[in-house]
Novice: 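Below are the structure tokens for one structure; questions will follow.
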Amino acid sequence: MYANHNINYNLISSSKSSSNIRVEESLNVVCVCNEWCNWIEWYNWIKVGVYIEIMRTFSRLKKLKMPYPKNMNEEAKAKARKPKPSFISGIATTTQAFFSAMARKPLLKQTLATLFLLFVLYAIFNAFFHPTDSSAFDSTFSFNSASSVLLAAGAPKIPTVNVFLYDVPSRFTHGVIRHHALARGARFPEENDDVSSLKYPGHQHMSEWYLFSDLSRADSGRSGSPVVRVTDPEEADFFFVPFFSSLSLIVNPARPPGSGASLEKPIYSDDENQEALMEWLEEQEYWKRNNGRDHVFAASDPNAMYRVIDRIKNCVLLVSDFGRLRPDQGSLVKDVVVPYSHRIRTYAGDVGVADRNTLLFFMGNRYRKEGGKIRDTLFQILENEKDVIIKHGAQSRESRRAASQGMHTSKFCLHPAGDTPSACRLFDAIVSLCIPVIVSDSIELPFEDTIDYRKFAVFVETTSAIKPGYLVSKLRALSLERVLEYQTELKEVKRYFEYEEANGTVNEIWRQVSKKLPLIKLMINREKRLFGKESMCSCVCTNQTAVKTL
């Protein structure tokens with residue numbers, strides 16, 4: 001914590017002569033450490049005292065009759081030949097004159113004694129004084145913090161961003177968890193209405209749970225967070241809407257085609273829950289105030305909130321990518337790309353290739369729609385390559401075990417596009433220290449203002465990746481030194497993709513949300529001055545994923 005102080009010293013020095021000397025010195029003191037704050041203040045007082053005495057002495061010297069050289073003509077010629085003295089040489093000359101005149105003029109004895117005392121005090125403070133409490137000095141002098149200066153190399157203090165957590169009906173949070181458990185055969189006592197103890201089930205879109213849990217903790221458990229939870233909505237910069245939208249999508253288990261059971265109407269309806277949430281939210285005062293622009297939704301599953309997406313498109317959306325969103329619904333400008341929750345265990349070892357005998361590994365669905373059609377082509381090209389493991393696999397405990405083993409023993413992990421440009425296995429690879437090979441031309445990646453993915457991932461254009469032999473030749477051409485560099489970078493950035501890390505994914509997501517605040521305020525203020533007219537994007541569109549955001 002930096003303590004900035006502005007001290008105005010108004011020191012008036014008067015002599016026995018008719019003229020008075022007034023010296024005003026303003027010092028901007030930045031105390032880098034509270035432990036040294038008193039020392040720095042006293043040190044500057046001493047410096048000011050020394051400076052004052054020197055200036056007083058210079059003034060007195062002007063009144064002294066200094067001896068002139070015997071030959072004035074030679075003196076004048078010498079002065080004509082000499083260049084104009086510099087500031088440093090001027091000080092040296094004046095100091096020499098001061099000490100030469102000191103012996104003749106008793107008037108200077110007092111000045112010499114004062115200077116000597118000040119230098120002694122300086123030496124004492126410099127060698128022995130180590131204050132631990134600055135309160136005594138602070139109580140003696142008043143500081144004007146408004147006029148204090150910043151550290152020369154420092155950055156301005158980031159303002160606190162306040163987040164208000166809506167107290168929504170439990171049907172949108174723990175109620176979703178309960179229905180998920182009931183749909184899988186769980187039983188709950190009829191009289192037990194407390195669902196807050198239910199455990200959120202693991203899946204690849206768990207950001208909604210981790211963010212909700214973070215804001216639900218006591219302040220003491222949120223130290224280091226970029227945002228502050230406030231209980232007064234008037235103090236809020238953002239409003240977080242806790243709806244487990246991604247879990248809501250998978251409450252009802254997928255039924256095999258032609259099973260007959262599909263004719264039964266499920267007890268739980270995601271569509272109805274989305275509609276009910278919006279009916280409740282649109283009645284809230286703070287939603288109406290800015291048309292939801294300062295509200296935050298977690299919708300990381302590409303299909304989350306699909307039924308009401310046009311009603312929340314003004315909000316800050318936390319998404320895994322923009323594959324299912326129109327340009328007017330989501331963009332990098334107002335929204336935040338968040339990581340999938342990795343589904344395999346984190347690699348506990350260090351960098352190295354001694355235990356990584358496989359060149360390239362992939363395990364996942366072979367057949368996908370849209371951009372994911374490239375997977376089948378890559379299967380055909382790579383399945384017979386030496387040192388390459390590429391096989392079909394669905395989400396299951398057995399598949400996750402096999403994927404963990406494969407990624408932990410491979411140098412490179414393939415990440416082709418799926419139904420949308422991103423997929424969970426990219427983040428599985430990162431925490432496995434398996435170098436991602438990304439074949440997805442339209443992918444958007446989390447936290448790219450902080451992380452340079454080129455330092456630890458290999459990007460291959462789709463048209464090149466489907467050329468027989470191209471991909472494996474490119475990977476085999478990388479030196480061992482380069483592979484180790486990739487792994488070292490992976491180890492450095494791994495924490496950004498660990499939701500349970502103390503300063504990991506959750507804090508970074510909040511940091512990204514905080515950075516949206518100036519733009520959100522701009523859009524709110526701009527919208528209010530347009531007199532109800534529908535505003536078109538004219539100033540914040542930046543790329544093809546942000547065509548229209550206002």
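Quick caveat: nothing in here was measured; it's all calculated off a predicted structure. Below, each value reflects all heavy atoms present in this structure, side chains not excepted, and no hydrogens, waters or symmetry copies.
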Novice: When you check the side-chain N and O atoms of S404 and Y347, is any donor under 3.5 Å from an acceptor?
Specialist: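 Y347 and S404 do not have a side-chain donor-acceptor pair below 3.5 Å.
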
Novice: I need the minimum non-hydrogen distance between A457 and I438, along with the two atoms involved.
Specialist: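 Minimum heavy-atom separation between A457 and I438: CB-CD1, 4.2 Å.
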
Novice: Output all residues satisfying salt bridge (Lys or Arg N to Asp or Glu O under 4.0 Å) with D214, sequence neighbours left out; order by chain, then residue number.
Specialist: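 D214: salt bridge (Lys or Arg N to Asp or Glu O under 4.0 Å) contacts with R217, R222.
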
Novice: Can you tell me how far CG of L182 sits from CZ of R187, rounded to the nearest 0.5 angstrom?
Specialist: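 Between R187 CZ and L182 CG, I get 7.5 Å after rounding to 0.5 Å.
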
Novice: Only counting residues at least two apart or in another chain, list the ones meeting salt bridge (Lys or Arg N to Asp or Glu O under 4.0 Å) with R400.
Specialist: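 For R400, no residue satisfies salt bridge (Lys or Arg N to Asp or Glu O under 4.0 Å) once neighbours in sequence are set aside.
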
Novice: Under 4.0 Å between a Lys/Arg side-chain N and an Asp/Glu carboxylate O for E508 and R495?
Specialist: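 Here E508 does not pair with R495 in a salt bridge, since their nearest N and O are not under 4.0 Å apart.
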
Novice: Write down the atom of V168, the atom of P242, and the distance for their closest heavy-atom approach.
Specialist: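 Closest pair (atom of V168, atom of P242, distance): CG2-O, 3.5 Å.
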
Novice: Please enumerate all residues that pass side-chain contact (heavy atoms from CB on, under 4.5 Å) together with E282, with sequence neighbours excluded.
Specialist: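 M278, W287, R311.
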
Novice: Taking the six-membered ring for Trp and the full ring for Phe, Tyr or His, determine whether the centres of F164 and Y286 are under 6.0 Å apart.
Specialist: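 F164 vs Y286: aromatic centres not under 6.0 Å.
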
Novice: Please list all pairs meeting salt bridge (Lys or Arg N to Asp or Glu O under 4.0 Å) that have one or both residues in residues 236-254, counting only residues at least two apart or in different chains.
Specialist: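 Residue pairs passing salt bridge (Lys or Arg N to Asp or Glu O under 4.0 Å), neighbours aside: none found.
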
Novice: Do I509 and Y499 have side chains that get closer than 4.5 Å, going by heavy atoms?
Specialist: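 Counting from C-beta outward, I509 and Y499 do come under 4.5 Å.
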
Novice: Which heavy atom of R425 sits nearest a heavy atom of N365, and at what distance?
Specialist: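 In this case the closest contact between R425 and N365 is NH2-N, 4.5 Å.
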
Novice: Which one of F240, F447, F238 satisfies the ring pair (Phe, Tyr, Trp, His ring centres under 6.0 Å) criterion with W510?
Specialist: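 Of the listed options, the one satisfying the test is F240.
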
Novice: Mind checking salt bridge (Lys or Arg N to Asp or Glu O under 4.0 Å) for R307 and listing every partner two or more places apart, or none if nothing turns up?
Specialist: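 For R307, the residues satisfying salt bridge (Lys or Arg N to Asp or Glu O under 4.0 Å) (neighbours in sequence not counted) are D271, E275.
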
Novice: Tell me which one of E501, E498, K494, E500 satisfies side chain to side chain donor-acceptor pair (under 3.5 Å) with T346.
Specialist: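 Exactly one option meets the side chain to side chain donor-acceptor pair (under 3.5 Å) with T346, and it is E498.
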
Novice: Quick one: salt bridge (Lys or Arg N to Asp or Glu O under 4.0 Å) partners of K521, sequence neighbours excluded?
Specialist: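 K521: no salt bridge (Lys or Arg N to Asp or Glu O under 4.0 Å) contacts found.
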
Novice: Could you tell me if R171 and N273 have a donor-acceptor pair between their side chains, going purely by distance under 3.5 Å?
Specialist: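 A pair is found: one side chain offers a donor N or O, the other an acceptor, under 3.5 Å apart.
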
Novice: Decide yes or no on side chain to side chain contact (heavy atoms under 4.5 Å, CB included) for L317 and I309, but give the supporting numbers first.
Specialist: CA-CA 10 Å; L317 304 179; I309 190 65; 4.0 Å; yes

Novice: If a pair satisfies ring pair (Phe, Tyr, Trp, His ring centres under 6.0 Å) and one of its residues is in residues 425-445, list it, with sequence neighbours excluded.
Specialist: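 Sorted pair list: Y340-F427, F427-F497.
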
Novice: According to ring-ring contact (aromatic ring centres under 6.0 Å, His included), who are the partners of F412, at least two apart in sequence or on a separate chain?
Specialist: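 Not a single residue meets the ring-ring contact (aromatic ring centres under 6.0 Å, His included) criterion with F412.
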
Novice: Does a side-chain N-to-carboxylate-O contact under 4.0 Å join R343 and D428?
Specialist: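 The answer is no: the pair does not qualify as a salt bridge.
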
Novice: Do V163 and R229 make a side-chain contact, defined as non-hydrogen atoms from C-beta onward lying under 4.5 Å apart?
Specialist: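 Counting from C-beta outward, V163 and R229 never come under 4.5 Å.
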
Novice: Step through the shown structure and confirm whether more than 12 heavy atoms of other residues, nucleotides or ligands are within 6.0 Å of CZ on R184.
Specialist: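 Counting neighbours around CZ of R184, more than 12 heavy atoms of other residues, nucleotides or ligands fall under 6.0 Å, so yes.
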
Novice: Under the rule for side-chain contact (heavy atoms from CB on, under 4.5 Å), what residues qualify as partners of E283, not counting sequence neighbours?
Specialist: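 By the side-chain contact (heavy atoms from CB on, under 4.5 Å) rule, E283 matches K288.
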
Novice: Taking the inter-plane angle between the rings of W280 and Y166 on a 0 to 90° scale, is it parallel (under 30°), tilted (30 to 60°) or perpendicular (over 60°)?
Specialist: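 Because their plane-to-plane angle is over 60°, the rings of W280 and Y166 count as perpendicular.
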
Novice: Is it the case that atom CG in D232 sees more than 12 heavy atoms from other parts of the structure closer than 6.0 Å?
Specialist: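 Enclosed: over 12 neighbouring heavy atoms sit under 6.0 Å from CG of D232.
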
Novice: Report the distance from atom NE2 of H179 to atom NE2 of H174, rounding to the nearest 0.5 Å.
Specialist: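 Reported value, rounded in 0.5 Å steps: 14.0 Å.
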
Novice: Taking the side chain as every heavy atom from C-beta outward, state whether F456 and T488 have any pair of such atoms under 4.5 Å apart.
Specialist: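 Of all side-chain heavy-atom pairs linking T488 with F456, none is under 4.5 Å.
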
Novice: The criterion is side-chain contact (heavy atoms from CB on, under 4.5 Å); which residues satisfy it with E398, sequence neighbours excluded?
Specialist: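 side-chain contact (heavy atoms from CB on, under 4.5 Å) list for E398, sorted by chain: S396, R401.
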
Novice: Quick check, are the ring centers of F459 and Y453 under 6.0 angstrom apart?
Specialist: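 No, the ring centres sit 6.0 Å or more apart.
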
Novice: Identify which one of K516, K515, R511 satisfies the salt bridge (Lys or Arg N to Asp or Glu O under 4.0 Å) criterion when paired with D449.
Specialist: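 Testing each of K516, K515, R511 against D449, the sole residue satisfying salt bridge (Lys or Arg N to Asp or Glu O under 4.0 Å) is K515.
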
Novice: Nearest 0.5 angstrom please: F297 CZ to C315 SG, how far?
Specialist: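 Going from the CZ atom of F297 to the SG atom of C315 covers 5.0 Å.
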
Novice: Could you name each residue pair satisfying disulfide (SG to SG under 2.5 Å) that touches residues 425-454, not counting sequence neighbours?
Specialist: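 Passing the test, one end in residues 425-454: C413-C434.
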
Novice: Say you draw a straight line from OH of Y306 to CZ of R324; how long is it, rounded to the nearest 0.5 Å?
Specialist: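 CZ of R324 is found 12.0 Å from OH of Y306.
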
Novice: State the CG-CZ distance between D301 and F244, to the nearest 0.5 angstrom.
Specialist: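 Taking CG in D301 and CZ in F244, the distance rounds to 15.0 Å.
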
Novice: Test of understanding: with ring-ring contact (aromatic ring centres under 6.0 Å, His included), list the residues that count as partners of Y486, not counting sequence neighbours.
Specialist: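 In terms of ring-ring contact (aromatic ring centres under 6.0 Å, His included), with neighbours along the sequence ignored, Y486 is linked to no residue.
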
